[in-house]
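Just so you know, these numbers come straight off a predicted model, no measurement behind them.
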Amino acid sequence: MVRKANGVKSGEAFTKGTKAFPIALATLLVATPFLSIPKAYAVTDVSVEADDSDVAGDDSDYTIKFTPEEDMTSGDTVTIYFPEEFSIDDNVSKSDIDVNGDTPKKVEYDDYDNSITITLNDDYSADDEIEINIAGVITNPDDADDYEIEVENSVDKDSDTDTIEITEDDSSSSSSDEFNVSIGDDEEDTETTYELGDIDLGKDELEKGKWVSVIFPDDSMVPDDIDTSDVEINGYEVTAVDISSDKVDLKVPSGADTDDTLDIKFLKGAGITNPSEDDNYTIKVKYNGETYESETFDITGSSSSSGSSSSSGSTSLSVEPDDSTVGARTGYKIEGDFGSKKLQSSSQIKLEFPSSVSIPSILSTSDFTINGKTPKSVYGYGNVLYLTTPDSFSSTSDVTVEISSDAWISNPKTAGTYTIAATVDGKTVTSSSYTITGGVTPTPTPTPTTPTTPTAPTTTPANNTTATIALTNTALQKPTGLTINLKALAQPVQKNVDFLEVVFPAGYKLPGAVLPSAVTVNGVAASYVGIRGQNLLIYPAQDLPASTAATIAINASANIVNPATKNTYSIGLYSSEEKNLLFARSVGVGGAVAPATPAPAPKPAAPTIVYNPALPSNAAVIKPNVPSFMLGGKLYPLAPTTYLASNTTSMVSPQFFKEALALTTTWNSSMVAIVSNAKSVKLTVGSNVAVVGSTTITLPAKVELKNGTPMIPVKAVAEALGYKIGWDAKNSNAYVYK
């Protein structure tokens with residue numbers, strides 16, 4: 001994004017936006033005696049200070065002080081114009097700014113001239129000093145220089161400026177820790193994937209909306225434009241991408257924040273291209289004023305082999321699916337020789353399946369082996385599978401991964417030849433091709449007698465103009481069911497192989513897992529239900545022929561939660577067998593609902609969580625019998641309600657670990673899996689034994705189901721993942737922090 005700011009460096013002409021000063025007016029002023037020009041200025045004595053850092057490229061809080069020469073009242077505005085070299089968070093809000101200690105009435109950011117307009121919430125007298133503090137939304141320019149910042153008010157549009165000096169970063173690298181660089185193809189001048197991993201941020205944590213800068217060794221590596229869908233931070237699509245020469249700025253997305261480690265992935269579609277010379281290179285990453293430099297990585301000449309071919313220390317990879325039929329749920333045997341690269345104990349192997357393969361959201365280590373041993377942890381994202389070797393693993397370059405069909409990984413839906421890429425210790429090897437054959441046989445339809453060459457009805461979109469989608473509950477932030485009446489399919493859907501995909505817009509909250517019993521298709525429970533981002537994947541337990549209708553019923557027990565904002569939202573339906581949207585319908589959320597029965601008598605106030613500012617700022621707070629958790633002073637829904645087992649053990653839903661602690665968490669009616677960095681905990685419903693990595697611990701209470709959701713002892717599990725537990729005796733709250 002290119003910002004067109006009106007601020008300029010010191011010494012340059014100062015203009016506001018693109019409004020040219022009219023020549024005729026300028027001539028008139030020159031010819032007019034100075035006595036006719038008012039002496040008073042509405043803004044004087046402007047001073048600007050960078051509170052945290054005046055170093056180039058650093059994030060900094062800013063304090064702007066000025067004196068109004070006329071009274072200012074509530075509703076008047078102050079506009080601060082920053083030079084275009086300053087980066088301002090597009091989502092700046094009232095919570096980021098105070099005026100003489102008070103929250104303003106309104107805050108607006110203008111991308112065109114890089115300005116922040118603040119609507120005052122109080123009255124101020126002439127000649128009183130006004131102090132504006134802006135926190136956490138401004139990044140200094142990358143170049144050291146003097147910059148002018150202008151302050152203007154709405155009383156008479158007069159303004160004044162102050163100059164701030166941005167200095168050089170004296171530390172060439174603030175962190176001596178090197179991070180890993182993994183590339184899909186190391187041949188020069190080749191467009192490929194780049195993964196930058198295990199960047200330890202120390203005491204820092206990623207914050208939503210902040211910028212991460214990646215500085216490549218050569219600007220020829222970086223394209224003119226990169227789509228956000230082609231870059232991920234900690235597995236989440238970035239919010240924005242800004243490119244300047246060899247530097248790519250990435251805005252931290254929701255979900256990736258609160259982590260103290262950083263992993264960045266540029267997919268092949270990002271267009272990052274290897275340097276044109278065979279040499280050694282490094283990449284730098286900047287975040288929050290700190291600079292991190294990668295390990296050295298090699299780019300080889302065009303004569304060097306990559307992928308599945310071999311160079312020094314022969315490398316190869318083969319893939320054998322148990323079932324080679326299109327769309328079949330299958331097991332895999334993947335064997336590789338990584339030459340000089342070796343898997344060690346507690347190290348990771350990454351398997352990248354064909355793009356049309358979707359890894360299920362719930363995986364069990366018991367369905368996988370690495371050289372005959374059960375992995376320490378396993379998790380998937382999109383079409384990529386990550387497995388961590390157990391502590392007892394013997395160092396080797398020969399790797400055999402076996403995957404059971406019970407892992408619910410299915411073949412691509414189209415016949416053809418495919419490959420799988422495996423990465424060990426930064427070395428990526430692409431397999432020899434394997435073949436997927438056959439196809440889904442549609443339910444037979446009557447053979448026409450004439451003409452002899454029938455038209456192809458399955459290529460014509462089905463008519464779903466009268467199809468409907470209805471919510472069972474339209475209340476804000478409440479779980480809702482859905483009834484979807486599909487009038488016709490253009491292509492058949494085969495049971496246990498194909499799926500229907502319900503796409504929810506931003507604002508809806510989907511759980512980590514949905515039980516098949518919570519979803520029916522034509523009255524029959526689904527065979528499997530998966531979660532992919534904001535999408536619900538439903539695998540019917542019966543064939544759905546082409547041209548037939550279908551009714552999909554999603555029960556409120558699926559725990560799909562309505563948005564928090566009253567509005568109209570569009571929900572869409574897709575089929576895995578059809579390229580285009582089947583249909584989409586708008587649903588209203590937040591409308592008034594007339595009570596079906598007279599309002600009950602008032603009940604005593606429900607227990608709640610009281611904010612305690614003395615607790616750690618990152619503490620997540622819970623309380624028995626309160627269906628919420630508190631984070632940063634705000635309450636968030638938590639279902640089922642926290643309760644005490646045997647009057648001593650706090651039991652919480654896995655949702656607490658997923659949303660309050662932002663950990664990778666999956667669950668169903670029989671198990672829970674939680675991953676925090678390299679640590680993982682697996683729990684089984686009905687058992688008081690948990691598997692932590694390769695060891696076991698005894699829980700103070702058994703995992704038990706409540707309303708279909710596993711409830712787990714929060715203290716034992718949190719401590720196993722490296723968190724601390726505290727007790728707020730004043731308010732009878734427990735809190736978890738790190």
Side chains of [X] and [Y]: does their closest heavy-atom pair fall under 4.5 Å?
| X | Y | result |
| --- | --- | --- |
| L351 | F353 | yes |
| W667 | L683 | no |
| T400 | K333 | yes |
| S432 | V319 | no |
| D198 | Q348 | no |
| I299 | E277 | no |
| I226 | I272 | yes |
| T419 | S433 | yes |

For [Y], is there any backbone N or O sitting under 3.5 Å from a side-chain donor or acceptor partner on [X]?
| X | Y | answer |
| --- | --- | --- |
| T330 | D322 | yes |
| T389 | S347 | yes |
| D498 | S575 | no |
| S245 | D219 | no |
| T193 | G184 | yes |
| N234 | D263 | yes |
| N411 | D323 | yes |
| D218 | S220 | yes |
| Y194 | T273 | no |
| S229 | D227 | no |

Testing the basics here: between [X] and [Y], what is the closest heavy-atom pair and its distance to 0.1 Å?
| X | Y | result |
| --- | --- | --- |
| T365 | T374 | O-CG2, 3.5 Å |
| V248 | V222 | CG2-CG1, 3.6 Å |
| N618 | K738 | ND2-O, 3.0 Å |
| T239 | T228 | O-CG2, 3.7 Å |
| L262 | I233 | CD1-CG2, 3.6 Å |
| D398 | N371 | O-ND2, 3.1 Å |

Using 0.5 Å steps for rounding, measure from the [atom1] atom of [X] to the [atom2] atom of [Y].
| X | Y | atom1 | atom2 | result |
| --- | --- | --- | --- | --- |
| L343 | I370 | CG | CD1 | 6.5 Å |
| Y418 | S324 | OH | OG | 12.0 Å |
| I283 | F179 | CD1 | CZ | 6.5 Å |
| E237 | D230 | CD | CG | 8.5 Å |
| K376 | L387 | NZ | CG | 13.0 Å |
| I183 | T423 | CD1 | OG1 | 10.5 Å |

Query raised in the report: Taking atom types as modelled and ignoring hydrogens, do the side chains of T167 and D54 form a donor-acceptor contact shorter than 3.5 angstrom?
Result: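 Side chains of T167 and D54: pair found under 3.5 Å.
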Query raised in the report: How about S346 and D391: does a side-chain donor come under 3.5 Å of a side-chain acceptor?
Result: yes
Report task. Show the numbers, then the answer: is there a side-chain hydrogen bond (donor to acceptor under 3.5 Å, both in side chains) between Y109 and N114? Result -> CA-CA 7 Å; Y109 169 69; N114 213 34; 2.9 Å; yes
Query raised in the report: Picking from S213, S244, S87, what satisfies side chain to side chain donor-acceptor pair (under 3.5 Å) with D249?
Result: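 It is S213; the other options fail the test.
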Report task. Give the ring-plane orientation class for Y332 versus Y434, where under 30° counts as parallel, over 60° as perpendicular and anything between as tilted. Result -> perpendicular
Report task. Determine, stepwise, if the pair D200 / T261 fulfils side-chain hydrogen bond (donor to acceptor under 3.5 Å, both in side chains). Result -> CA-CA 5 Å; D200 186 355; T261 57; over 6 Å; no
Query raised in the report: Between N140 and F86, does a side-chain contact (heavy atoms from CB on, under 4.5 Å) hold up when you go through it step by step?
Result: CA-CA 5 Å; N140 294 334; F86 284 74; 4.0 Å; yes
Query raised in the report: Passes side-chain contact (heavy atoms from CB on, under 4.5 Å), V55 versus I166? Steps please.
Result: CA-CA 6 Å; V55 174; I166 299 299; over 6 Å; no
Report task. Go through the steps for S182 and T428 under the test side-chain contact (heavy atoms from CB on, under 4.5 Å), then give the verdict. Result -> CA-CA 8 Å; S182 174; T428 299; 4.0 Å; yes
Report task. Mind running side-chain contact (heavy atoms from CB on, under 4.5 Å) on V214 and F266 for me, showing each step along the way? Result -> CA-CA 11 Å; V214 181; F266 291 89; 4.2 Å; yes
Query raised in the report: Do K373 and S394 pass the side-chain hydrogen bond (donor to acceptor under 3.5 Å, both in side chains) test, and can you show the C-alpha distance, the side-chain angles, and the key distance before you say yes or no?
Result: CA-CA 10 Å; K373 295 181 178 292; S394 300; over 6 Å; no
Query - From CA spacing to verdict: side-chain hydrogen bond (donor to acceptor under 3.5 Å, both in side chains), E188, S276 - result: CA-CA 5 Å; E188 61 189 26; S276 57; over 6 Å; no
